[in-house]
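Values below: all heavy atoms of this structure, side chains included; hydrogens, waters and symmetry mates excluded.
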Amino acid sequence: MGFRAPPAPRERPARGRAALRGAGLIGAAAVLIAVAAASIAVGARPLGLGEVWYGLSDPASAHYAVVHEMRLPRTLLGLLAGAALGLAGGVMQALTRNPLADPGLLGINAGASAAVVTSTLFLGIGGLTGQIWFAMLGAAAVSVLVYAVGGGRGATPARLALAGAALNAALFSYVNAVMLLDAAALEKMRFWTVGSLAGADHSTVVRALPFVAAGLLIALATARPLNAMALGDDSARALGAHPALVRAAAIVAITLLCGAATAACGPFVFVGLIVPHLVRGLTGPDLRWLLPYCALLAPVLLLGSDVLGRVLGRPGELQVGVMTAVLGGPVFLWLVVRRKGIRT
């Protein structure tokens with residue numbers, strides 16, 4: 001009987017970590033399914049799990065219309081928007097090497113919002129597809145502007161955060177001023193401006209889906225080269241990555257994801273900040289694992305906030321944008337306190 005050499009000592013821990021991360025992904029998917037079921041079940045008239053099932057599968061069910069016309073589109077839109085913002089936050093933090101990067105905090109969502117309000121009220125663009133294109137244009141413009149104001153290649157996390165906060169305040173002031181001067185615009189868009197899933201329908205989901213899907217694929221494709229770029233541009237080139245091309249692809253992914261989510265639901269804050277931080281504690285900095293986790297757990301946060309807002313606001317509801325701000329604000333302050341030594 002021949003002697004078989006034992007595996008190298010580092011193989012087992014690596015294999016064990018991969019298995020643990022894979023099991024974690026399955027667990028995250030299970031949690032997401034449970035939260036999605038709760039999103040369909042909770043409302044003005046709560047439904048049991050059996051009623052949810054028959055409402056989904058049986059056209060003769062008394063709850064079929066409510067489930068298919070109101071709650072299912074709302075849940076699907078929450079899944080899309082949550083995945084989009086979670087992925088955008090993960091890619092943005094890796095690209096800028098800024099742990100405080102977030103589509104809301106850096107003004108990306110505000111740029112998309114300002115573009116949507118301008119196109120809707122001044123240019124008469126009423127369809128969601130047209131609004132998404134304008135939202136992406138606004139998101140891309142603010143991305144470039146924040147990077148330039150923050151110092152370009154010499155930008156530090158604190159300077160980017162300050163530049164984003166300043167632009168975010170200016171753009172949302174513009175949005176609020178336009179709406180306050182036009183009563184019809186205020187009535188039409190007051191829920192959208194705080195971030196809301198209410199009023200979602202199947203056409204909203206269908207029109208946003210191609211943009212989110214394209215952004216998702218591009219974001220996942222940048223995971224490996226962004227990992228290489230964490231070592232520096234020279235090391236990334238030695239590993240076969242093309243930094244300029246990777247940066248352009250990452251910006252396209254962020255623009256697609258933020259633009260589609262903001263045009264469909266309005267601006268949400270902190271979703272793209274909180275989830276990557278929580279996930280990084282499980283996966284480490286490897287984007288090949290971090291981004292799939294973000295795509296699963298960010299919708300958990302968004303839909304969970306939406307369900308919580310419906311429960312706390314009965315007989316009405318608190319908009320999900322309000323809930324994510326309430327939940328995310330303390331976490332952001334905690335992160336800032338933890339990083340007191342950050343360079344300015």
Side-chain angles (χ1 to χ4, degrees), residues 21-22 24-36 38-39 75 77-106 108-109 139 157 161 164 195 197 212 215-216 218-220 222-223 226-227 250 253-254 256-258 260-262 264-309 320-336 338-339:
R21 290 168 178 170
L25 275 179
I26 295 172
V31 172
L32 180 57
I33 292 170
V35 173
S39 177
T75 301
L77 188 58
L79 292 172
L80 279 181
L85 294 174
L87 282 168
V91 172
M92 190 178 294
Q93 290 177 15
L95 180 66
T96 62
R97 299 178 195 173
N98 179 2
L100 302 181
D102 168 77
L105 294 176
L106 294 188
I108 311 301
N109 288 347
L197 299 176
V212 174
L216 183 148
I218 296 171
L220 294 178
T222 63
L226 280 174
N227 280 343
I254 292 167
L256 284 167
L257 294 167
C258 293
T262 303
C265 310
F268 294 121
V269 293
F270 296 121
V271 175
L273 171 70
I274 296 173
V275 175
H277 269 283
L278 296 177
V279 168
R280 203 171 284 115
L282 299 172
T283 66
D286 189 346
L287 293 174
R288 294 172 299 174
W289 286 101
L290 186 142
L291 293 182
Y293 267 91
C294 287
L296 291 174
L297 292 179
V300 170
L301 174 62
L302 192 62
L303 286 177
S305 298
D306 188 38
V307 171
L308 187 60
V320 63
V322 175
M323 296 306 301
T324 57
V326 169
L327 296 173
V331 177
F332 175 66
L333 292 175
W334 173 71
L335 292 172
V336 171
R338 273 186 65 201
R339 302 187 62 85

If you look at every heavy atom in Thr324 and Gly321, which pair is closest and at what distance?
-> OG1-O, 3.1 Å

Results of side-chain hydrogen bond (donor to acceptor under 3.5 Å, both in side chains) for Asn109 - residues two or more places apart only = Thr262

Val212 and Ala84: which non-hydrogen atoms are nearest, and at how many Å?
-> CG1-CB, 4.2 Å

Indicate the atoms forming the closest heavy-atom contact of Ala219 with Ala253, along with that distance.
-> N-CB, 3.8 Å

Heavy-atom nearest pair, Ala94 first then Leu287, reads CB-CD1, 3.5 Å

Using side-chain hydrogen bond (donor to acceptor under 3.5 Å, both in side chains) as the criterion, list what pairs up with Thr75, not counting sequence neighbours.
-> Ser39

Closest non-hydrogen atom pair between Ile108 and Ala139, with its separation | CG2-CB, 3.7 Å

Tell me, please, which residues at least two apart from Leu95 pass side chain to side chain contact (heavy atoms under 4.5 Å, CB included).
-> Leu226, Arg247, Ala250, Ile251, Ile254

Any chance you could measure Leu79, atom CG, to Leu197, atom CG, to the nearest 0.5 Å?
-> 9.5 Å

Tell me, which pairs form a side-chain hydrogen bond (donor to acceptor under 3.5 Å, both in side chains) where one or both residues lie in residues 294-306, sequence neighbours left out?
-> Arg74-Asp306, Asp306-Arg310

Who passes side-chain hydrogen bond (donor to acceptor under 3.5 Å, both in side chains) against Arg280, sequence neighbours left out?
-> Gln93

Per-pair distances, 0.1 Å, donor-acceptor, side chain in residues 291-303, under 3.5 Å, sequence neighbours excluded:
from, atom 1, to, atom 2, distance (Å)
Tyr293, OH, Arg21, O, 2.6
Tyr293, OH, Leu25, N, 3.2

Side chains of Val320 and Phe268 in contact at under 4.5 Å (non-hydrogen atoms) = yes

Have a look at Ile218 and tell me which of Leu256, Leu257, Val91 forms a side-chain contact (heavy atoms from CB on, under 4.5 Å) with it.
-> Leu256

